[in-house]
Amino acid sequence: MTREGDRSERSDEASGETASREAEAHTPELAGEYDAEAIESHWQRRWVETDTYAYEGDPEQDPNTVYSIDTPPPTVSGSLHMGHLYGQTLQDFAARFQRMVDGDVLFPFGYDDNGIASERLTEDELDIRHQDYERQEFQDLCRDVCQTYEAEFTEKMQGLGTSIDWNRTYKTIEPRVQRISQLSFLDLYEKGREYRKKAPAIWCPECETAISQVEVEDDERGSHFNDIAFGIASEGTNREEFVISTTRPELIPACVAVFVHPEDDDNQDLIGETARVPIFGHEVPIIEDERVDMEKGSGVVMCCTFGDQNDIEWYQAHDLPLRVAIDETATMTDLAGEYEGLSTEEARKAIVEDLDEEGALRDRWEITHAVGVHERCETPVEYRVSKQWYVEILDHKEEYLDAGREMDWYPEKMFTRYKHWIEGLEWDWLISRQRDSGIPFPVWYCEECDHPIMADKADLPVDPLSDEPPVEACPECGHAEFEAEEDVFDTWATSSLTPLINAGWDWDGEGASEASDLGAESGERQRPANGGDGGFTMEHPELYPFDLRPQGHDIISFWLFHTVIKCYEHTGEVPFDATLINGHVLDENREKMSKSRGNVVAPDEVIAEYPVDAIRFWAASAAVGDDFPYQEQDLRAGEKLLRKLWNASKLVDSLAPADPAEPDELAPIDRWLLAELDDAIADLTAHFEAHEYAKARDRLRTFFWNTFCDDYLEIAKEREGDPSTAYALRTAHRTFLELWAPFLPHVTEELWQAVYAESETQDAGDDALESASIHVRDWPAPEGYEADLDAGETTMDVISALRRYKSENQLPLNSELDAVTVYGAIDGFEDVVRTVMHVEDLTVSDDDPDVTTELSDISLDYSTLGPRYGEKVGEIDDAIDDEAFELDGDTLVVAGEALEPDLFEVSHERTYSGAGEMIETESAIVVVE
RNA sequence: GGGCUCGUGGUCUAGCUGGUUAUGACGUGGCCUUUACAAGGCCGAGGUCGGUGGUUCGAAUCCGCCCGAGCCCA
């Protein structure tokens, strides 16, 4: 704690001194064991302090040289979970790779602290209800609670070592964002894409607000089906009553009609008659409609305003009256007569009892069924008629589909989710919420004629509850009294603007016509002015459209969708070139982590036990878009890799000077390594560009561990002092650190600073991490080394054969071998085999070894044989199995066919008759005497 | 109920524009102290590729159905 205090005091002093004292706390040094805990937190702190990842782009810059990422800001509703950790890490791979490839990367961060989620957090945290507070008072409480959570969240995010630019964070509730959000509302309104309408909407009685379709989720709840007898008030049928089944008897005071399916033979007689509702006695028409589900209950259904979405459709289609029996807090209204004032639950019980008493309850049994509940509070939703603002989207479905097609999807298959979502859309987007903590609508209404008065763009952000409207009198009717809109925006109305927030979208009322002229000249980089005076501008036009938008596959259908369409409507451009979809982290049994199952793994616990770099290595193991399990064994694999990298670095450090001169000519083995490295670089670059992190990870690990450590380092040990090997060792080692850097930022930084940074930045001063960090270096490019890769491969085969020989004969690996003969092409690598395997006398022979061969098998090349011989292949196969074939020179005569040599291969059983032991490998034969 | 995705040794995974011998890691058994690393190296065991039917000379791979899991939607 004291140290913390010291540091924050000192940071006000001259930065040079601060930095040098900081450096004393931890001097990168390549010695002993790798201490991840100390080293990781050190670099995390240094990266933030020195703005290593700050975006310094220039608005005039060519957008092609900037890589901009639009990150969805996490909702402030709790603490960091494994999904955050995984998603952020994946984004960071892209950010770090691109920073090395191209330099300027914008990797921002935001908090979505506006809306119902943070209100509920506040209510839970402080154990209060928003209804008990004044709006401003409650908003202040929300800000306080969110601030605490955000501070904690930030600290934990920084502990993940992601390369976020912490200078560029935002909150969706801050004034700058409020201005953008209100601008968006005004712009869409002016474009004719928003309307205010009185209509049935989904309503949460607990939160007391309208909510949108996407905020409702199904929940299995216990309930009862009640068979209730309705009387018949008209004369057209012999029946005196009929029965309906309902789970919501408390809605019968709101009953406005009864429906029968037109093809329901049993109930045809009811159509056109009048029903009498029990207890309440009011009469309602019986109407036919195809939407009746004949399979359910009696086939006769009551329609109430409103029990479900079907009721709404009927209400609209048949122009039914509105009977509101339940108010905004789920309390019965005066329409419910003696039940007025009861909650829906209480009323349900009372009405059922009274129905029973009256003889109208014919049956009642328990069921479980899916109930629509509000995702934030799990309260069953109601449907209420109210005046709400909508964004019109249904008429632009085709354009939104095209927008989706314009983006590159990683993985590609995820586009179908977006597509199906849009194709299935049935409602326009309801954006008004009757809540306290949110961004207010910048609107007033004329008290006389209800005409909406929009705020002036220049005045934004405004709060109509405390600010005055921009007009003296209503432009429609001249009335001078106005009513403020009390509603706030839906969270998504703001969080769908993150590309515009990140790019600094704004409206300029003065210099705007100029800006719009510029736009016409220089094409798409400038936003066109929106009619008349003024126009939209961007502080950082070079960022927009964004190169990448990452998110989980669960939010494609609303967050990504809303963001694409809003930005598209505002700018006419698709906001993202590409979108990267991450899967979900499951528990070790591949099941979803959830609090109720108690299988949640907290990132804190994982970080306490494993290095962040090891966790990142695990995060890289999943194919992008696939769900994958959290398994501790994978973290141990990462830990082992860190140790290997550390130890190999120590060995390299002991074998060669840090910065050896390039020799005039490289020895074949060294040229071979660098040529293999070139190949690896090319593969890795392609994998990173395609977001194939799992493939990149495995390719790099295999090459580093097997080829470099197991094969090359063992050779290099025997070549200590050779300038060619020293150069190759160091070149490869530097490159490995750079290639690992996006995956393992901490250990590579430590190694880089310990070994190479000093020699490169001696003159730059101590606090020049910003330019000396491995993470701002250039991504390696293939150098064009050429080598006989086949001979190298054969040589490695020979070496591992000899290693196996020693192992199997229980010999130490450094034991001497008297004489070895190699039958195979290892041109130029003879010395390598001799020294690394300690061979006294090595002979390489072009001849065949002294063997007696016996024909053992014919292996057919089916890929050419199949297409040529078709169904005859089976016959040929059988004949060979029966040994019914003959070799006629190069030709194989079998089953009446003469097969050309390219169709088969003859393999021989070799029996070595010379001295010593023969070992066969794929590419060579080795004889040890 | 609909859509999308997934199912490969004990565990996780590669392969899946069809070519017969299915990749690697972890774990597991055995052997080896070798000028980084024994938390290392070498060798081995372990798989009817969810089930089933089809297309084909040939299917982990393509198609149909079924089973199981996940996500989204109703």
Side-chain angles (χ1 to χ4, degrees), chain A residues 30-34 213-214 216-218 293 308-310 370 372 411 413-421 423-426 552-558 581 583-584 586 588-592 617-618 621-623 625-655 692 694-695 697-699 701-702 705-706 709-710 713-714 716-718 720 800-815 836-838 857 859-878:
Chain A
L30 184 48
E33 301 210 332
Y34 179 59
Q213 218 183 333
V214 298
V216 180
E217 58 187 20
D218 284 353
D293 181 358
D308 60 21
Q309 304 226 4
N310 228 356
K413 64 190 177 192
M414 290 296 175
F415 171 66
T416 32
R417 292 210 185 176
Y418 177 91
K419 181 165 170 267
H420 286 277
W421 170 256
E423 286 169 351
L425 282 173
E426 288 173 12
H553 59 55
D554 54 331
I555 57 172
I556 292 172
S557 53
F558 43 108
I581 312 291
H584 286 172
L586 309 174
E588 54 192 353
N589 301 314
R590 294 194 143 275
E591 282 178 33
K592 190 187 178 183
F617 189 68
W618 157 76
S621 70
D626 283 2
D627 292 348
F628 72 121
Y630 165 77
Q631 299 225 117
E632 268 198 285
Q633 60 177 42
D634 293 326
L635 299 181
R636 284 186 217 112
E639 239 180 341
K640 284 170 74 168
L641 175 69
L642 300 184
R643 198 174 298 125
K644 192 78 176 174
L645 182 56
W646 183 260
N647 288 324
S649 299
K650 283 204 303 194
L651 179 61
V652 169
D653 210 41
S654 71
L655 291 175
E692 294 170 340
K695 287 181 180 172
R697 174 194 113 123
D698 290 345
R699 175 78 170 87
R701 196 199 106 98
T702 303
W705 199 304
N706 300 110
C709 293
D710 290 347
L713 281 182
E714 292 302 327
K717 280 180 189 172
E718 306 294 334
E720 199 176 343
S800 67
L802 290 172
R803 214 182 275 151
R804 201 180 317 137
Y805 172 84
K806 290 184 177 181
S807 176
E808 280 171 2
N809 289 285
Q810 307 198 0
L811 295 167
L813 284 177
N814 59 354
S815 59
V836 78
M837 282 291 112
H838 303 274
D857 198 21
S859 49
L860 298 166
D861 179 2
Y862 291 94
S863 60
T864 43
L865 188 76
R868 219 180 292 177
Y869 287 91
E871 57 193 27
K872 186 100 192 187
V873 170
E875 215 178 306
I876 295 171
D877 257 339
D878 292 344

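Not measured: the values here are computed from a predicted model.
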Suppose we call a contact any N or O donor and acceptor under 3.5 Å apart; does that hold for the side chain of A/K872 and the base of B/C57? no

Is there a donor on the side chain of A/Q631 or the base of B/U11 sitting less than 3.5 Å from an acceptor on the other? no

Taking [M] as the reference, what is the distance to [N] when you measure between their [atom1] atoms (whole Å, please)?
N: B/G24; M: B/U13; atom1: C1'; value: 8 Å
N: B/C12; M: B/G19; atom1: C1'; value: 28 Å
N: B/G10; M: B/A45; atom1: P; value: 16 Å
N: B/G7; M: B/C57; atom1: C1'; value: 29 Å
N: B/U8; M: B/A14; atom1: P; value: 10 Å
N: B/C49; M: B/G9; atom1: P; value: 9 Å

Determine yes or no for a side-chain-to-main-chain donor-acceptor pair under 3.5 angstrom, with A/K717 supplying the side chain and A/L651 the backbone. no

Could you tell me how far apart [X] ([atom1]) and [N] ([atom2]) are, to the nearest whole angstrom?
X: A/D698; N: B/C12; atom1: CG; atom2: P; answer: 16 Å
X: A/Y418; N: B/C72; atom1: OH; atom2: C1'; answer: 16 Å
X: A/L860; N: B/G19; atom1: CG; atom2: P; answer: 16 Å

Measure the shortest side-chain to side-chain distance between A/W646 and A/L30 over non-hydrogen atoms and say whether it is less than 4.5 angstrom. yes

Have a look at A/F617 and tell me which of A/E639, A/K640, A/R701 forms a side-chain contact (heavy atoms from CB on, under 4.5 Å) with it. A/R701

Who does [N] pair with, Watson-Crick or G-U, both distances under 3.5 Å?
N: B/C71; result: B/G3
N: B/C57; result: B/G19
N: B/C31; result: B/G41

A/W421 ring center near A/F558 ring center (under 6.0 Å): no

Tell me whether the NZ or CZ atom of A/R643 lies within the 45° cone about the ring axis of A/Y34 and under 6.0 Å from its centre. no

From the options B/G40, B/A36, B/A14, select the nucleotide whose nearest atom is closest to the side chain of A/K717. B/A36

Nearest of B/C6, B/C72, B/A36 to any side-chain atom of A/D554? B/C72

On RNA chain B, does the nearest nucleotide to A/F558 precede the nearest nucleotide to A/L713 from the 5' side, or the other way round? Give the residue. A/L713

Relative to the 5' end of RNA chain B, which residue comes earlier, A/S557 or A/D710, by the nucleotide with the nearest heavy atom? A/D710

Heavy atoms only, 4.0 Å cut-off, all strands: where does A/G866 land among base, sugar-phosphate and nothing? base

When we call it a touch if two heavy atoms are under 4.0 Å apart, what does A/K650 touch: a base, just sugar-phosphate, or nothing? sugar-phosphate

